[in-house]
> 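Structure provided below as structure tokens; questions to follow.
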Amino acid sequence: MNRRELEIHLQDLFDGRLESGDLESLQQELRNNPEAQDAYCDYAHLKNSLQLRDEGVDLMNVVPMDRVVERRQRRALEYAGLGAVAALVILGVVLAFIFIRKPQPTLTLVTSPGTELSISHKLTGEDAPEGLTLEPGSRLEIRHGTVELEFASGVRGIVRGPANLTLLNEGLLELDRGTAWFEVPSKATGFQVNTPDLTLIDLGTEFGIRSRPDFLDEVHVFSGKVEVRNRYGLKKGAQLEAGQARVAGPGGRWKETPLRRDHFLTKLPSTEPDLTNAALIRIPPENVTASSTVVGLFNRSADHLVDSSGLDGGQHTNAVKGNMWLSSGDDYGGEDYNPSVIFDLGAIYAINRFHVWNYNENPPNLTDRGVNRVSVKYGTTPGLGSTLTGITNFAQADGISTDPGESFDEFRPFKARYIKFDIISNHGGDNNFCGLSEVQFHGVLVPEPEKR
Amino acid sequence: MDRDVTQQAEFVGQITRHQTALRAYIISLMPGMDGVSDVLQETNVVLWEKRGKFQPGTNFRAWACAIARYEVKTHRRKMLRLGMTLLDEDLAEQLADRGEETPEKLDERLRALDKCINRLEDGGRQLVEHRYHSEASLEEFATRSGRSTESLRVMLFRIRAALKKCINNELAINSTRS
């Protein structure tokens, strides 16, 4: 085995991805070659050092001395006298200074009403943080809504979704996406935020930071100073003062941009959007995507679902051509046994009502091609992520020329930009066709900081 | 009672001082296996529970390593039941003993690693931080960085080989100074 092969096999071994055939030859080498043995030891130490370097003080958290002490105390209570318990209690106090993690979480979250989020932790089992708290390695995804971050260090932040962030340690946050405002007390100076485009180190200040997938990341400084560094290209650094705002330019330079305090929230919004002014949401036909459309000259495209075709005074015609959508079913433009329709509202809305006019072709009466069992999914991103509960079926249309449709409003208002009808069955119609005539959503625009 | 508490605090100090070394020893005994932190945790619990049997003045490291070895054996049995292919146990123990280092030497390694990582290009440093901090997959980093997984794997191989070499050079320089 040459030196390179040896190194590759050793690295694969420590990564847990060495093939069994290679393992045999590596073992042979390790038994006979002292240099290979030294390399093995070096890689073991390298792995240990790299993990320790990043886990840092977390090393102490893997030593469950608090649990050990508790266990000993329980045993002592069962088998020994009070004196022994006293000794262990004293020891417990000693250990508390050395081992036990601070009871205060590194980061506590408070959410605004209607916020949807998910949290995942690096720590598992009994060590996993509970409730709305983050510890180093924890990741927070805010699908929509606003979250206040309260660091044990005193740093306070408000993050507007959609956002993804990872707490690397008390003083270091990785913001992959989102609009965030931070207020850093002097005792926490040095607090750092990394985004895909930039690194920011606080020098005692109040600042905002925006990271969006399709735009360059921005920094806005409202008071004090920050130090920023571009992560790509020329990797230019800069010190920004109160009143300055910069965009991390693509070449690694900083570009000036107007300071926008209105992009950032400094406290949680206290209420849900006011839905008393909910209105029909106009959806451009190009924002509707169906899994399939019957081919030929039938003119039953998904455009008809939102273009008001065949709709007059809230009543839908039974004339099918140019007024309704129909899937391709068994083989009328390809097989489609999982039909669906996705509506992109173009922005995030709080929705409190929607109206469905089911497939209403008559004569001949083919209303049984209309959607029956359905799952309504929604989200603020194309990934959706939520399902509207309580709505499982659309009623079959009457086939009359003045179909009133069916209104759905007995659900808790939800925020969404994307809504999908996952169609499970029709009303017994032929060829597995599934169709709808028209769909309307009602709601109010949820103000996004970017759009103010 | 005061003397007991003092002795126990000293024992705690020993466990603390040897955490890095114990962790390295466990990694050597079970290369590429998940659960290093769990085994270390179990080792610590057993060390604590058996502290009465430890004779002050004797070799704490040897005693702790013997317990760690036993805990790794237990863990290996679980992994073998799951059908994992593992490095031969005797060979792993022989290699782990060969690689045993003092806590001071391991601290020196950590300092050397810091220096060596700072010499990496930004891209390399980010890759290492991603790999060892987030423990996320290379695929995830590939998506984020717009590079292929295979090219990142090659890059990571080169970085680790370079870090190993750099650390050994640093340690050699330090030993000539002292």
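The model shown is predicted, which means the values in this text are computed figures rather than measured ones. Heavy atoms only: backbone and side chains are in, while hydrogens, waters and symmetry mates are out.
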> Looking at B:Ile167, B:Leu156, B:Ile117, B:Val36, which has the largest count of heavy-atom pairs under 4.5 Å with chain A?
B:Ile117
> To the nearest 0.5 Å, what is the distance between OG1 on B:Thr85 and CG on A:Leu18?
9.5 Å
> Counting only non-hydrogen atoms closer than 4.5 Å, does A:Tyr40 touch chain B with its backbone (N, CA, C, O), its side chain (CB onward), both, or neither?
side chain
> Does the side chain of A:Pro34 come within less than 4.5 Å of B:Arg98's, by heavy atoms?
yes
> Does B:Asp88 offer a backbone N or O that forms a donor-acceptor pair with the side chain of A:Gln27 under 3.5 Å?
yes
> Work out which heavy atom in A:Ala44 is nearest to a heavy atom in B:Ile27; give both atom names and the distance.
O-CG2, 3.9 Å
> Search all heavy atoms of A:Phe14 against all heavy atoms of B:Pro31 and return the closest pair with its distance.
CE2-CB, 3.5 Å
> Measure distances from A:Ile8 to the heavy atoms of chain B and classify the residue's part below 4.5 Å as side chain, backbone, both or neither.
both
> Select one option (side chain, backbone, both, neither) describing which atoms of A:Leu23 are under 4.5 Å from chain B's heavy atoms.
side chain
> Please check if the side chain of A:His45 supplies one atom and the backbone of B:Gly99 the other of a donor-acceptor pair under 3.5 Å.
yes
> When you look at A:Asp15 and B:Arg160, which way does the salt bridge (Lys or Arg N to Asp or Glu O under 4.0 Å) test go after all the steps?
CA-CA 12 Å; A:Asp15 276 346; B:Arg160 287 194 289 216; 2.6 Å; yes
> Any donor-acceptor pair under 3.5 Å linking the side-chain atoms of B:Gln94 with those of A:Arg31?
no
> Could you tell me which portion of A:Arg139 (side chain, backbone, both or neither) has an atom closer than 4.5 angstrom to a non-hydrogen atom of chain B?
neither
> I'd like to know if A:Asp42 pairs up with B:Arg109 as an ion pair, taking the criterion as any Lys NZ or Arg NE/NH1/NH2 lying under 4.0 Å from an Asp or Glu carboxylate oxygen.
yes
> Could you tell me whether the side chain of A:Leu46 reaches within less than 4.5 Å of the side chain of B:Leu113, counting heavy atoms only?
yes
> Check each atom of B:Leu95 against the heavy atoms of chain A and say whether the ones under 4.5 Å are side chain, backbone, both or neither.
both
> Which bit of A:Asp12 is near chain B, if near means a heavy-atom gap under 4.5 Å: side chain, backbone, both or neither?
neither
> Which atoms form the tightest heavy-atom contact between B:Thr20 and A:Asn48, and what is the distance?
O-ND2, 3.2 Å
> May I ask you to decide whether A:Arg229 forms a salt bridge with B:Asp122, counting only side-chain N to carboxylate O separations under 4.0 Å?
no
> Considering only heavy atoms, which portion of A:Glu24 lies under 4.5 Å from any heavy atom of chain B: side chain, backbone, both, or neither?
neither
> Do other residues, nucleotides or ligands put more than 12 heavy atoms under 6.0 Å from the CD atom of A:Glu19?
no
> Check this for me: does any side-chain nitrogen of one of A:Glu7 and B:Lys164 sit under 4.0 Å from a carboxylate oxygen of the other?
yes
> Need one label for B:Asp114: side chain, backbone, both or neither, based on atoms under 4.5 Å from any heavy atom in chain A.
both
> Looking at side-chain heavy atoms only, is the closest gap between B:Arg153 and A:Arg17 below 4.5 Å?
yes
> Please give me the minimum heavy-atom distance between A:Ser49 and B:Leu110, naming the atom from each residue.
O-CD2, 3.6 Å
